Amino acid sequence: MEEIEKKNVRKNPVENQILVIFGSNGDLAKRKLMPAIFQLYLDNLLPENFIVIGAGSQEKSEEINRTDVTKAMLEFAKESAEANPDKLQSFLEHTYYQKVNNQEFEDFGNLKNYIDHLSATLDIPKNIIYYFSIPPFLYEVVAANLIKYGLNTEEDGWKRIIVEKPFGYSYETAIDLDTKLRSGFNEDQIYRIDHYLGKETVQNIMVTRFSNGFFEPIWNRKYVDRVEITASEKIGVAGRGGYYDTSGAMRDMIQNHLLQVLAVVAMEPPSIFDSESIRNESVKVLQSLRPIKSTEINQNVVRGQYIETMVDDVIQKGYRQEKDVAPNSKTETFVALRVFVDNWRWGDVPFYIRTGKQLPEHVTEVVIHLKPAPHQLFKQRCVAQSTNMIILRISPDAGVAVDFGMKIPGAGYKVQNVNMAFHYSDLASNKISEAYERLLLDCMIGDSTLYARADAVKASWKFVDPIIHAWKSNSDIPLYFYECNTWGPKEANALFGNKELKWRAPFKKFKTE
Ligand code: BG6
C-alpha cells in the first residue's frame, strides 16, 4: 500500500523550484501552508533545491521572517516542530522574504529582481508557483502585476498560480476573474484549490467506488433511495465575521467544497485515471444539477442563522453579535438543500446537502441510504428499523461503514441493525496527510487532478447563483433562527417531504446509529 502511494506521488518528478506565497503573514499561510510545506520537507518530498519566498506587505528582514516562521511552526505544527528541532533549523534556511504590497506595481519589479538574484545565487531554475493566499479582490490585481513584469512567462521555467477559494463571488464574477487570469496564464497553469478535494478521505470515495466490484452495481437510482452530505461545524465564524458576512454558508461551503464532494460521489467512472478524465466526469455531474427555480426555493432550500444561546452555562454569541457582522444581517450560517442530478444514473434520487456553524459536532460525512429490500419478510420482527446505509466518513475518525440488518441470536427471527466499520486509524502505519500537503505537492509535480477546473467552478456558480439571488430579492423567503449546539432549524427536516425521515445526527466518534 505504502509502495503504491509513493509511486503515485512520484508520478512526475518534483523539479527544483520556488514557491512564492502572497499573503505570507496571513492566517492561512501560518496555519496551513507553512506547516504543510514543513511536513513535506520532513517527509523528504521536497526537491533538493527548493525555496519559499514569503511576500507580504510588512517590511521585515530575512531574520525576522525566519523568527516569524519558527513561531508559526511552534504554534501550528507544534508536534513535528518540537520533535525535529534540527530539521526546523535547516528548513528555515529555505525560507526568504520580500516586501510586496500587492497593489504597488513597483513592488513586483523588486520581487522579480529578488527572484532573479536568488535563482542565480542558489542555482534554482525559475520554475515558480505563486500562491494567492490573499483576499479574493486582489487575485486579478496580483495576476496583472505578475503579467506586466513577465513573471508569468515560461521561457526560463514553468509558472503556476494557486488561487484560493472563493473563485469569484457569483457566476458573472467567476467568469470575469477567469478571463483576467487567462490573459496571462493558460488553464494548465491555473490551480484552483479546494482543500476538500485534498482530503485523503474524499479521494478514498473514488477508490471505494472504483476499485471494488460490489459498490458500483448498487450505486445508482435502482438501489439508492437518497444521499445525505453533511459538513457541520462546532465553531461559529471565529473572528472572520467581515469575510463571512459577505459570503454566507452557500458561498463559503456549498458552492465549492460540498458540490465537489457531491460530484465525486455521483460521477461516472472515468475510463482512465488522469486529471482530464476525472475532471471531465465530475464536471458533467455539476452541469447536470437540476436548477432550483425561484418559485421552488422553499421546498428545496432552508437557510438559518444561529442566535445567542446558553450552552453549558456559557453564553454563546449569536451570529449578529459577532465582530464585523451587521446587526441586522440576513447572512445564512446554515443551509440545507435538496438537489437532483438529472442524468441516467441518478434520475430523481434526491441528494440532501447540509452545512452549518455552531452545530453540535465538527463532522463531514456522506451517507448513501439504500432502498429497502423489495419484500419485507421480517417486518414485524425488527428490533430497530432495518436500514441499509453506506457511510463515508470524511472527518473526524475517517472511515467507511455499512449498516444492515442481522438476526439476533436465539429463537425466532428478530432482526437488528448492525454495522461493519473500517477506521482509517486502523491503518496505523500510514499517516493521513493534511489536505494542503497533498495539494501543494500535486501542484509542485504539475498534477491538477485534485484542483477545480474552470468549467466546474462555473457550473457550480450557475447552480447556486439563482438561490442566492432569490434570497436577496425576495424577503418572503424565511431565514430561520436556530440555537447554538443544535442541528440547525427543524424546518430542514421538512426537505425530506416525509415525516418519517430526518437528517442523520452524526457523532464525533464514527458510529452508525
Ligand atoms: C473553509 C471555510 O473553506 O472550510 C470555513 O471558509 C470552514 O468557513 C472550513 O470552517 C471547513 O473546513 P474543514 O476542513 O475544517 O471541514
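All figures in this text were calculated on a predicted structure; none of them were measured in a lab. Just so you know, ligand 1 is whichever comes first in the structure, and atom 1 is the first atom listed for that ligand.
The N/O atoms of Lys199, backbone and side chain alike, include one that comes under 3.5 Å of an N/O atom in ligand 1. Distances between N or O atoms of Tyr244 and those of ligand 1 include no value under 3.5 Å.
The aromatic ring centroids of Tyr482 and Trp487 lie 6.0 Å or more from each other. Phe334 has its ring centre no less than 6.0 Å from the ring centre of Tyr306.
Of all the heavy atoms in Ala36 and Leu440, the pair that sits closest is CB-CD1, 4.0 Å. Summarising the geometry of Trp461 relative to Pro466, their closest heavy-atom pair is O-CD, 4.5 Å, with the distance given to 0.1 Å. The two residues Gln321 and Gly318 come nearest to each other via the heavy atoms OE1-N, 2.9 Å.
Looking at Lys357 and Glu332, no side-chain N of the basic residue comes within less than 4.0 Å of a carboxylate O on the acidic one, giving no salt bridge. Between Arg345 and Glu216 there is a salt bridge, since a side-chain N of the basic residue sits under 4.0 Å from a carboxylate O of the acidic one.
Of the protein's non-hydrogen atoms, Glu233 OE1, 3.9 Å is the one closest to atom 11 (C) of ligand 1.
For ligand 1 and Lys357, the ligand atoms under 4.0 Å from any heavy atom of the residue are 5 (C), 7 (C), 8 (O), 10 (O). The ligand atoms of ligand 1 that sit less than 4.0 angstrom from a heavy atom of His362 are 15 (O), 16 (O). Interface of Lys165 with ligand 1, defined as ligand atoms under 4.0 Å from a residue heavy atom, comprises 1 (C), 2 (C), 3 (O), 6 (O). Each of the atoms 1 (C), 3 (O), 4 (O) of ligand 1 lies under 4.0 Å from some heavy atom of His257. Distances below 4.0 Å separate heavy atoms of Asp252 from the following atoms of ligand 1: 2 (C), 5 (C), 6 (O), 8 (O).
At a heavy-atom distance under 4.0 Å, only side-chain atoms of Tyr196, from C-beta outward, approach ligand 1.
Remark: among candidates His195, Lys32, Arg240, the nearest residue to atom 5 (C) of ligand 1 is Arg240, based on non-hydrogen atoms.
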